[in-house]
Number of protein chains: 2
Amino acid sequence: MKRWTTGEVAKQRNISVRTLRYYDQINLLNPSFRDDNGRRYYSEDDLFQLEKIIILKSLSLPLEDIRHVLEKLSYKQVLISHYNYLQEQLSKLQTSISNTASLINIINLEESLSWKHVSELVQNSPTSSKKWIEYFREDEIAFIQKAVPNLSNNDEKTQQYISLLQRIESCIKNNIKPESEEGFKIATQLIELSDESFQGDTNLMDKFWEIRKQPAGETGLYPISEEVLDFVERCIDNVTT
Amino acid sequence: MKRWTTGEVAKQRNISVRTLRYYDQINLLNPSFRDDNGRRYYSEDDLFQLEKIIILKSLSLPLEDIRHVLEKLSYKQVLISHYNYLQEQLSKLQTSISNTASLINIINLEESLSWKHVSELVQNSPTSSKKWIEYFREDEIAFIQKAVPNLSNNDEKTQQYISLLQRIESCIKNNIKPESEEGFKIATQLIELSDESFQGDTNLMDKFWEIRKQPAGETGLYPISEEVLDFVERCIDNVTT
DNA sequence: GCTTGCAGGTGACGTAACGTTATCTAATAT
DNA sequence: ATATTAGATAACGTTACGTCACCTGCAAGC
């Protein structure tokens, strides 16, 4: 009967020698043989057991629960409650991801963290209750949530909106007019993006932009300054007329 | 200037007193005042700092990184690499969830863990390479992956398929024929389910069932025994003719 | 005056699953 | 004879607190 040392098993199953020794220590997997020098030797059965452990680890199951499953101690219950636990983790993680994306996008827009804006936008905070929702019908809300970028996303469109906002801010800072060359470019790109987002539904688009112009406190949306909104309006007017 | 004790802050911000003491200990948030007895008193500024910490915690950001962000030490880089880290966690978690669902469904089908089936189905294992994919066109694959239940899901349809399989096994065990009352019920439910899954595309449905009949080793799908497949065919024949 | 209770405090240990030293030993290769 | 390799043990470090055990100061009730 063939036997394998720790190093061999580790290489073969792509885990560390330390891990094998640890599993021995907590009696999750004791090698069948030990020689006089204390060296561990794993049998074929041991390897099979290890494979089960590795499969169960791929469920992110804690070692203690793995032991229960292997010993067939109410393993169905263990797995079901583990499944529920994982679902909880998933929703936490999704919140973390969207909050992180929001923060990164805000930083891109502000160059330094404005905690007022952050706490308004991060879900966690009590002030963020997505008030803009009140202005739309249910089907419109579903559409906007899917199609229109939002700071908690990290997709291409969101990044394009952010870059346009940055360019506008830069124009304002450097006193470049909305009627200039750059203003023209910004307007055309903005129109294109907006068209893509709303997929041609100009009614909805107009409605959204109207609401966008209201004070941020009323809508719960990321605050865009008067100046920027003004710039947008003027450069778009300039292109469409 | 109002000051708050640990207990008051803890209640107000819904964290534990221990947490506040810990943040003091690691110098993440030191209260501005300490009285002669060592009691901590938090100022308004301290509370604001705490709010920032709580927001950053909602990103699942480690405390050490929170410190960096608060001290403005390359916070943008920190957040971006954290975002990438979270995305990795997300994909791991999703694997764990689908593997866990597979295991639970297999247990429901087998009453005791058959490690052969498990290791065939859990992604991690090298044998599972989704060979059934080879039999279909790309659009068909996309459709099947969305609409047709798969052991790594936990939706209603999957559960219904599993319960039907269990009923069939029970019929076979108890020598109940496919032409019986129960066989008739099973067949009608199976047809209904199948119709829902394939949304009326009977061509694709037939193709899928043909492939389902092949040995599991060829397809990489969960193995359904000859007996069960035979039962299915006979009871459906009985209903449709 | 004494007890009781409460709200605060300081250690110190426990957690999960190993990674990472540091140090030792036995066997093999040069 | 010596250098390298592969094995072993022991012990600390990691994260963000929870959970004791034990101590203090202060107010209320007896």
Side-chain angles (χ1 to χ4, degrees), chain A residues 3-42 46 50 52-70 78 81-82 85-86 89 92-93 96, chain B residues 3-42 46 50 52-70 78 81-82 85-86 89 92-93 96:
Chain A
R3 306 196 269 198
W4 293 268
T5 69
T6 47
E8 288 163 357
V9 175
K11 205 172 285 180
Q12 191 188 325
R13 306 269 69 183
N14 199 33
I15 54 180
S16 75
V17 173
R18 174 72 176 99
T19 299
L20 285 170
R21 289 205 269 256
Y22 179 66
Y23 290 171
D24 188 13
Q25 182 186 329
I26 64 169
N27 296 316
L28 179 61
L29 178 65
N30 307 115
S32 330
F33 310 103
R34 283 272 209 158
D35 77 7
D36 296 347
N37 304 319
R39 298 166 96 93
R40 295 169 178 79
Y41 293 97
Y42 293 84
D46 294 341
L50 178 58
K52 295 180 193 174
I53 292 173
I54 291 173
I55 288 173
L56 291 173
K57 273 221 303 182
S58 79
L59 318 181
S60 305
L61 199 62
L63 298 185
E64 198 47 42
D65 290 350
I66 290 182
R67 194 201 311 275
H68 288 325
V69 174
L70 292 177
V78 169
S81 72
H82 180 60
Y85 167 77
L86 291 179
Q89 294 306 105
K92 276 188 199 169
L93 192 51
S96 295
Chain B
R3 308 197 268 200
W4 292 268
T5 68
T6 46
E8 286 163 358
V9 174
K11 206 172 283 179
Q12 191 189 325
R13 308 267 69 184
N14 199 31
I15 55 180
S16 75
V17 172
R18 174 71 176 103
T19 299
L20 285 170
R21 290 205 269 254
Y22 180 64
Y23 290 170
D24 189 12
Q25 182 188 329
I26 63 170
N27 295 318
L28 179 62
L29 178 65
N30 307 114
S32 330
F33 310 101
R34 282 271 209 157
D35 76 8
D36 297 346
N37 304 319
R39 297 165 97 95
R40 297 168 177 80
Y41 293 97
Y42 293 84
D46 295 340
L50 178 58
K52 295 181 191 172
I53 294 173
I54 291 173
I55 289 174
L56 291 172
K57 272 219 303 182
S58 79
L59 318 180
S60 305
L61 199 63
L63 297 187
E64 199 47 41
D65 290 349
I66 289 181
R67 194 200 311 277
H68 289 325
V69 173
L70 291 179
V78 168
S81 74
H82 180 61
Y85 167 76
L86 290 179
Q89 294 305 106
K92 277 187 199 168
L93 192 51
S96 294

Taking side-chain hydrogen bond (donor to acceptor under 3.5 Å, both in side chains) as the test, write out the residues that go with [X], two or more places apart.
X      : value
K52(A) : none
S32(B) : S43(B), D46(B)
T5(B)  : none
S60(B) : S96(A)

Under the side-chain contact (heavy atoms from CB on, under 4.5 Å) test, residues paired with V17(B) that sit two or more places apart: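 Only T6(B), A10(B), R21(B) meet the side-chain contact (heavy atoms from CB on, under 4.5 Å) criterion with V17(B).
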Under 4.0 Å protein heavy-atom contacts per nucleotide of nucleotides 4-13 of chain D, with B for base, S for backbone only and - for none: ---SBB-B--
What is the distance from [atom1] of [X] to [atom2] of [N], rounded to the nearest Å?
X      : N       : atom1 : atom2 : value
N27(A) : dA17(C) : CG    : C1'   : 15 Å
L28(B) : dT15(D) : CG    : C1'   : 13 Å
Y22(B) : dG9(C)  : OH    : P     : 17 Å
E64(B) : dC17(D) : CD    : C1'   : 15 Å
D36(B) : dG25(D) : CG    : C1'   : 12 Å
I54(A) : dA17(C) : CD1   : P     : 15 Å
D65(A) : dA17(C) : CG    : P     : 9 Å
L20(B) : dC17(D) : CG    : P     : 10 Å

Residues which pass salt bridge (Lys or Arg N to Asp or Glu O under 4.0 Å) with R34(B), listed by chain and number, not counting sequence neighbours: D24(B)
Partner residues of E64(B) under the salt bridge (Lys or Arg N to Asp or Glu O under 4.0 Å) criterion, sequence neighbours left out: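 With neighbours one apart ignored, the set is R67(B).
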Under 4.0 angstrom between Y23(B) side-chain N/O and dC17(D) OP1 or OP2: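 Yes, Y23(B) has a side-chain N/O under 4.0 Å of OP1/OP2 on dC17(D).
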Axis-to-axis angle between the two ends of the helix from dG1(C)-dC30(D) to dT30(C)-dA1(D) (five base pairs per end, rounded to 10 degrees):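 One end axis against the other gives 30°.
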Separation of L63(A) CG from N27(A) CG (nearest 0.5 Å):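 That separation rounds to 12.5 Å.
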Between CD1 on residue I53(A) and OG1 on residue T19(A), distance to nearest 0.5 Å: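 These two atoms lie 11.0 Å from each other.
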